[in-house]
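Counting from 1, the numbers follow the sequence of the chain as shown.
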Amino acid sequence: MNNDTYELISARSKKVTIQVVDGHFATQHSHVSHFIDMTRVKSESVSARAAAKLFASRFAGEPVDTVITLERTKMIGAFLAEELTKTGINVDRNIAVITPEITNEKLFLRDNLVPYVKHKRVLLLTATATTGMTLKNALEGIVYYGGTPAGAATVFGGEFGEQIGVGEFIVPVERLFFAKDIGKYDSYAPNECPLCKAGIKVNAVVNSYGYSKL
């Protein structure tokens with residue numbers, strides 16, 4: 001894409017990087033001013049393992065039975081499960097890593113996956129959480145299926161607080177990058193987008209898989 005692109009490097013690990021592209025992008029629910037490209041951290045083992053180590057350091061004191069991964073973060077999730085079992089409370093624990101379906105923005109588990117959540121301590125992992133609603137919806141799904149949320153981790157997150165309340169649970173949230181790290185990050189309802197009203201064309205349609213130029 002012919003837009004300004006720059007790299008953000010985590011202050012905690014030089015191996016963890018994301019690409020930020022300025023422009024006008026359409027997601028499933030909104031128009032946004034930046035595309036956050038996480039191809040490297042999702043797809044490359046060195047970067048994914050480094051991200052997992054950072055998450056594991058935050059949740060080392062939490063017993064975890066299952067890691068639920070969303071938005072193509074299963075490689076990070078597998079390394080996260082491995083890192084959690086190296087030291088602390090989860091040593092030698094057999095941690096499952098599963099990816100549920102999302103139907104109408106709700107977490108949906110097939111019968112064969114329910115035993116990995118019911119009566120289990122579950123850590124949620126996703127790539128982005130701009131407003132916190134994606135995390136909250138998924139955490140509500142964990143509770144619905146009888147699980148206990150152990151925490152929520154996201155590579156890139158907005159400014160919605162360090163905890164999310166879900167029913168009786170107060171769930172800690174860990175981010176590797178914040179929206180404030182890229183300056184002014186704007187998100188609009190499609191029918192209220194000022195870029196559209198100004199006649200600025202959408203550069204690409206984006207989702208967790210990447211982008212498709214228009």
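- For H24 (side chain) and I200 (main-chain N/O), a donor-acceptor pair under 3.5 Å exists by modelled atom type.
- Ring orientation note: the planes of H34 and Y185 are close to parallel, at an angle under 30° on the 30°/60° scale.
- Counting only N and O atoms by type, the side chains of Q19 and T5 include no donor and acceptor under 3.5 Å apart.
- Side chains of L176 and R12 form a contact here, defined as non-hydrogen atoms less than 4.5 Å apart.
- The pair E82-K53 does not count as a salt bridge, with every side-chain nitrogen at least 4.0 angstrom from each carboxylate oxygen.
- Put simply, the side chain of V16 does not reach to within 4.5 Å of the side chain of V155, judged on heavy atoms.
- Of all non-hydrogen atoms in R72 and S208, the two that sit nearest each other are NH1-O, 3.0 Å.
- With hydrogens and angles left out, the side-chain atoms of S30 and T27 include a donor and acceptor closer than 3.5 Å.
- Between H31 and E192, the closest side-chain pair of non-hydrogen atoms is not below 4.5 Å.
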Passes side-chain contact (heavy atoms from CB on, under 4.5 Å), V122 versus Y145? Steps please. CA-CA 11 Å; V122 182; Y145 284 104; over 6 Å; no

Check against side-chain contact (heavy atoms from CB on, under 4.5 Å), L54 and E174: CA-CA 9 Å; L54 297 181; E174 175 72 350; 5.8 Å; no

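- Applying the salt bridge (charged side-chain N to carboxylate O under 4.0 Å, His left out) test to pairs two or more places apart or on separate chains, those with a residue in residues 87-105 are D65-R93, E101-R110.
- Annotation for L80 and A52: closest pair N-CB, 3.4 Å, computed over non-hydrogen atoms.
- Put simply, the side chain of T134 does not reach to within 4.5 Å of the side chain of T128, judged on heavy atoms.
- The one candidate from L123, V117, T99 that meets the side-chain contact (heavy atoms from CB on, under 4.5 Å) condition with I68 is V117.
- By the criterion of side-chain heavy atoms lying less than 4.5 angstrom apart, applied directly or through intervening Ile, Leu, Val, Met, Phe, Trp or Tyr residues, V173 is not grouped with L84; the two fall into different hydrophobic clusters.
- With a 4.5 Å cut-off on side-chain heavy atoms, V143 and E168 do not count as touching.
- The distance from atom CD1 of I164 to atom CD of E162, rounded to the nearest 0.5 Å, is 10.5 Å.
- V202 and A26 get closest at one heavy-atom pair: CG1-N, 3.9 Å.
- Between the OG atom of S10 and the CZ atom of F177 there is a distance of 5.0 Å, given to the nearest 0.5 Å.
- Rounded to the nearest 0.5 Å, atoms CZ (R121) and CG (N90) are 9.5 Å apart.
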